Amino acid sequence: EPHLNAKHQTHNIDASNEPNKTLTFEMIDKNIHQTVQKQLEEQQEAQYEAFKQYLAKKNSEQTIDYRQVRINIESGALPTRAFYLLNGLAAIIAGFGLLANSPAVVIGAMLVAMLIGPISGIALGIIDARFALLKKSLLTLLSGGVLIYAIGMILGLLYPEQSQSQEIIARTMDVMVALAGGTAGAYAMISRNLSVAVVGVAVATALVPPLTASGILLANGKYDLALGALILTLTNILAIQFTNALVLWVAGFRRLDTDA
C-alpha cells in the first residue's frame, strides 16, 4: 500500500508538470517567432535602404543628354510672345518696386522674367560656333532688353518725383550676383534635378532691376546714374555669359558630328 501511494503521488506530480511543459514550449516558440520576424523586418529595411541609395546614386550619375539640352536651350532663345509678355510684366513690376522703394516687389519681378534662355543660347552658339543660333539669341536678348529699358523710361516719365529711391540707387552697383547667377543657370540647364525657371531668378536679379532703373533715371535727366546702371547691366550680361559658357564647356559641350 505505501508503494501504491508513492506511485500515485509520482503520477500526480507528472500530471501537474504537464501544463508547465506545454507553456514553456509555447513561450520558446513565440520567442523564436518574434526573433525571426524582427530579423526579417531588419533585413527588409536594410534592403529597402540600400535600394534607395542605389536609385539616388544612379540618378545623380545620369549622363547629360546633349541633344536634349541643345534643343531646350535653342527653344528658350526664341523670341516668342511669352518671352516679351513676361519680360514686359517683369519690368513693370520691377519698376514699381523700385519707385516704391520696395525690395519685396522687386524680388517678385524676378519670378516673372525670362532672360536665361537667350543668354544660354549665346553661350551655346559661341561654344558650338553656330552663328545662326548666336545671332538669333543676341537679337532675342537685345529686343527683350530694349523692351525692359523702354518700360523703365515710361515709368520714369510718369513718376519723376520717385526716381531717386534707395532701391534705384542700389541698382547701380554689384556684379557678383551676375557671376553666381550665370554659373547656376548653366548648371541647371544641363541637370535634370534642377529647375531652370527657379535658377533664372538669379540671372534676372542681375539684369532686370538695373536695366529698368537705368531707364527711369534717363527719363528724369539723371544721365550719370543712368549710364552707371546701364554699364552695370552690360557688365552683368558679360559676366553671366562668361560663366554660362564656361560651365557648358566644362560639361563637354563641343559641337561634334555625333551630337550636333
Side-chain angles (χ1 to χ4, degrees), residues 76-119 122 137-182 184-185 197-242 244:
L78 293 174
T80 60
R81 283 186 294 180
F83 174 81
Y84 294 115
L85 176 62
L86 292 177
N87 282 315
L89 291 173
I92 293 173
I93 297 171
F96 279 110
L98 292 170
L99 292 169
N101 202 30
S102 173
V105 176
V106 175
I107 292 173
M110 305 307 98
L111 301 174
V112 181
M114 290 179 58
L115 292 174
I116 185 65
I119 288 176
I122 294 171
S137 302
L138 281 170
L139 290 176
T140 301
L141 181 62
L142 179 62
S143 59
V146 169
L147 174 64
I148 294 172
Y149 201 86
I151 291 175
M153 291 187 65
I154 293 172
L155 292 175
L157 292 172
L158 292 175
Y159 304 95
E161 68 282 355
Q162 296 171 295
S163 62
Q164 290 201 59
S165 69
Q166 189 61 38
E167 276 295 306
I168 293 178
I169 301 302
R171 302 301 165 177
T172 62
M173 58 193 72
D174 204 346
V175 74
M176 295 307 296
V177 173
L179 291 170
V198 173
V199 179
V201 173
V203 174
T205 302
L207 299 181
V208 177
L211 194 57
T212 306
S214 180
I216 293 174
L217 292 167
L218 181 64
N220 288 275
K222 310 294 191 303
Y223 302 117
D224 291 341
L225 291 175
L227 180 61
L230 182 60
I231 292 175
L232 173 64
T233 303
L234 297 176
T235 304
N236 287 349
I237 290 175
L238 292 176
I240 293 170
Q241 208 61 71
F242 171 75
N244 203 295

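Here the structure is a predicted model, which is why all the values come from computation and not from measurement.
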Rounded to the nearest 0.5 angstrom, the CZ-CG distance for Phe83 and Leu78 is 10.5 Å

Over all atoms of both residues, closest heavy-atom pair of Leu230 and Leu211 = CD1-CD1, 4.1 Å

Smallest separation among heavy atoms of Val106 and Gly97, with atom names | CG2-C, 3.7 Å

Do Ile119 and Leu207 come close enough that some side-chain heavy atom pair is under 4.5 Å?
-> yes

Considering only heavy atoms from C-beta outward, does the side chain of Thr233 approach that of Tyr149 to under 4.5 Å?
-> no

Supply the atom-to-atom distance Ile122 CD1 to Ile240 CD1, rounded to the nearest 0.5 angstrom.
-> 10.5 Å

Nearest 0.5 Å, what's the CE-OG1 distance between Met114 and Thr140?
-> 10.5 Å

Check step by step if side-chain contact (heavy atoms from CB on, under 4.5 Å) holds for Ile116 and Asn244.
-> CA-CA 10 Å; Ile116 185 65; Asn244 203 295; 4.0 Å; yes

Approximate separation, where rounding is to 0.5 Å, of Ile216 CD1 and Leu225 CG | 12.0 Å

CG (Leu98) and CG (Leu155) are apart, to the nearest 0.5 Å, by 9.0 Å

How close do Leu232 and Pro210 get, heavy atom to heavy atom, and via which atoms?
-> CD2-CB, 4.1 Å

Do the side-chain N and O atoms of Ser143 and Tyr84 include a donor-acceptor pair separated by under 3.5 angstrom?
-> yes

What are the two closest non-hydrogen atoms of Asn220 and Gly156, and how far apart are they?
-> ND2-O, 3.0 Å

Inter-residue atom distance Leu111.CG - Leu86.CG, 0.5 Å rounding = 11.5 Å

Kindly give the heavy-atom pair with the smallest separation between Ser214 and Ala226, and that separation in Å.
-> OG-O, 2.8 Å

